[in-house]
Amino acid sequence: SIETFQPLESSISDTERFKDTSSFILQCPSCHEKFPFGGIVASNHYMMSYNGVKCTHCEHMFTPLQISCQLERTIRSHISLYYAAWLVCDDSTCGNITRQISVFGKRCLNENCTGVMRYRYTDKQLYNQLLYFASLFDIGRNKKEELKPLYHPDDPDFPRTKLSSSQIQALSEQNRALFETLDSVVQKYLSDCGRRYVDMGGIFQFMLGN
Ligand SMILES: [Zn+2]
Ligand SMILES: [Zn+2]
C-alpha cells in the first residue's frame, strides 16, 4: 500500500520508527563477548569513555577501525539479505517462503492459496535499518537522549546503572570525531539506498496519478 512508501515520518519517535530494526551487535576483539551497541547509553556490556567504546567484561578499548569494520560488515550483511530477495506469502496460514519469481506474477504458487508473494526484506526496511545505524552515531540525537532504547525495563539485561544527562552531553562532545567517522560509514550506503527508495516512492506516486 501507499502508506509503506511515505517519506521520513518526522513526527514519530525513534523508538516507534525503528521498532522492527535489528541491533548493531559489537564483538569485543579481546574477550569475544557480543553485545548490542546503542550509542551513548547505559549498558552492562560496554561503556563510553572520553576516548571511545570500552568493553566492560575485559576493559578492552575498541579502536575506531575495530568498530567501523564491524559496522560495515553488519551493513553489508543487511544489504545481501535484501539482494537475496526472499519472497514470503502474505497469507499467514500459508507461510510459503521462496526465492522463486513466479512467471504468473506475484501469486503464491502453493496449491489453493490466494495469497500474494511480497519481498520479505523491502527497500523501506533496509533504508530504515540504515537510518537506525546512522541514528546511533548522531551527536544531536545522542545529546537529546532520543535513541531507541536497547532494553525494556523488565529485560534481565536492563542496565544496572544510568548515565546522567551531563555525562551524556560531555561524552557526546568527546566522541564527536569517532561518531562522525562511524556516521560516514553508514552514509556511504544510505545515500545509495535512499536514492532507490525515493525513486520507488516517486513511481508509486506516479501510478496513483498524484
Ligand atoms: Zn572484552
Ligand atoms: Zn501462499
Side-chain angles (χ1 to χ4, degrees), residues 1-27 34-38 69-138 141 146-152 154-157 185-210:
S1 75
I2 193 68
E3 287 90 337
T4 54
F5 286 97
Q6 287 296 322
L8 293 173
E9 303 92 340
S10 54
S11 57
I12 65 172
S13 72
D14 278 13
T15 307
E16 182 58 22
R17 176 183 296 153
F18 300 135
K19 68 178 181 349
D20 295 325
T21 57
S22 324
S23 302
F24 172 36
I25 305 293
L26 265 183
Q27 181 167 30
K34 284 183 181 174
F35 49 83
F37 176 84
C69 284
Q70 293 194 40
L71 179 61
E72 188 143 15
R73 205 179 311 137
T74 304
I75 291 172
R76 282 166 178 272
S77 76
H78 280 278
I79 291 172
S80 16
L81 199 61
Y82 167 74
Y83 279 120
W86 289 89
L87 294 160
V88 62
C89 177
D90 69 353
D91 181 339
S92 58
T93 61
C94 168
N96 185 22
I97 295 175
T98 181
R99 290 183 69 174
Q100 193 179 358
I101 309 284
S102 160
V103 290
F104 307 106
K106 285 181 165 184
R107 267 212 30 222
C108 177
L109 291 182
N110 269 2
E111 228 176 315
N112 302 325
C113 180
T114 57
V116 172
M117 302 304 288
R118 301 192 185 283
Y119 284 107
R120 191 161 67 159
Y121 201 162
T122 65
D123 280 69
K124 174 162 178 167
Q125 277 174 288
L126 176 62
Y127 188 57
N128 210 40
Q129 182 67 53
L130 296 184
L131 282 181
Y132 169 67
F133 290 147
S135 76
L136 300 177
F137 308 110
D138 184 322
R141 275 193 160 87
E146 284 177 349
L147 302 181
K148 175 189 168 186
L150 284 177
Y151 306 102
H152 293 289
D154 54 353
D155 195 313
D157 221 8
V185 172
V186 187
Q187 293 303 332
K188 190 169 64 175
Y189 294 96
L190 198 49
S191 58
D192 284 351
C193 178
R195 205 170 303 124
R196 187 170 52 229
Y197 169 65
V198 169
D199 284 353
M200 282 190 77
I203 289 163
F204 275 74
Q205 295 283 320
F206 171 74
M207 283 168 67
L208 289 173
N210 188 345

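One-based numbering along the sequence shown. Because the structure is predicted, anything quoted here is derived from the model rather than measured.
The salt bridge (charged side-chain N to carboxylate O under 4.0 Å, His left out) test applied to D138 returns R141, not counting sequence neighbours. Partners of P36 by side-chain contact (heavy atoms from CB on, under 4.5 Å), not counting sequence neighbours, listed by chain and number: S23, I25, L150, Y151. Contacts of S80 classified as side chain to side chain donor-acceptor pair (under 3.5 Å), with partners at least two apart in sequence or in another chain: none. Checked against side-chain contact (heavy atoms from CB on, under 4.5 Å), V185 has the following partners two or more places apart in sequence or in another chain: S68, L71, E72, I75. With sequence neighbours left out, the salt bridge (charged side-chain N to carboxylate O under 4.0 Å, His left out) criterion links K19 to no other residue. When the side chain to side chain donor-acceptor pair (under 3.5 Å) test is applied to N110, no partner is found at least two apart in sequence or on another chain. Under the rule for a side-chain contact (heavy atoms from CB on, under 4.5 Å), the partners of S22 that lie at least two apart in sequence or sit in another chain are H78, Q129. Remark: S135 engages no residue in a side chain to side chain donor-acceptor pair (under 3.5 Å) (not counting sequence neighbours). Checked against salt bridge (charged side-chain N to carboxylate O under 4.0 Å, His left out), D157 has no partners two or more places apart in sequence or in another chain.
Side-chain N or O atoms of N128 include one that pairs as donor or acceptor with a backbone N or O of R17 at under 3.5 Å. Remark: the backbone N or O of D14 is not paired with any side-chain donor or acceptor of E146 at under 3.5 angstrom.
Of all heavy-atom pairs between Q187 and A134, the closest is NE2-CB, 4.0 Å. Of all non-hydrogen atoms in F24 and Y132, the two that sit nearest each other are N-CE2, 4.3 Å. Minimum heavy-atom separation, C89 to G115: SG-CA, 3.8 Å. Pairing each heavy atom of Q70 with each of T74, the nearest pair is O-OG1, 2.7 Å. A pairwise comparison of heavy atoms in T15 and P149 identifies OG1-CD, 3.5 Å as the closest pair.
Separating the CZ atom in R118 from the CG atom in L87 is a distance of 11.0 Å, to the nearest 0.5 Å. Here the straight-line distance linking atom OH of Y121 with atom CG of L81 works out to 6.0 Å at 0.5 Å rounding. Here the CG atom belonging to L190 is positioned 9.0 Å from the CG atom belonging to L126, to the nearest 0.5 angstrom.
Between F37 and F137, the gap from one ring centroid to the other is short of 6.0 Å.
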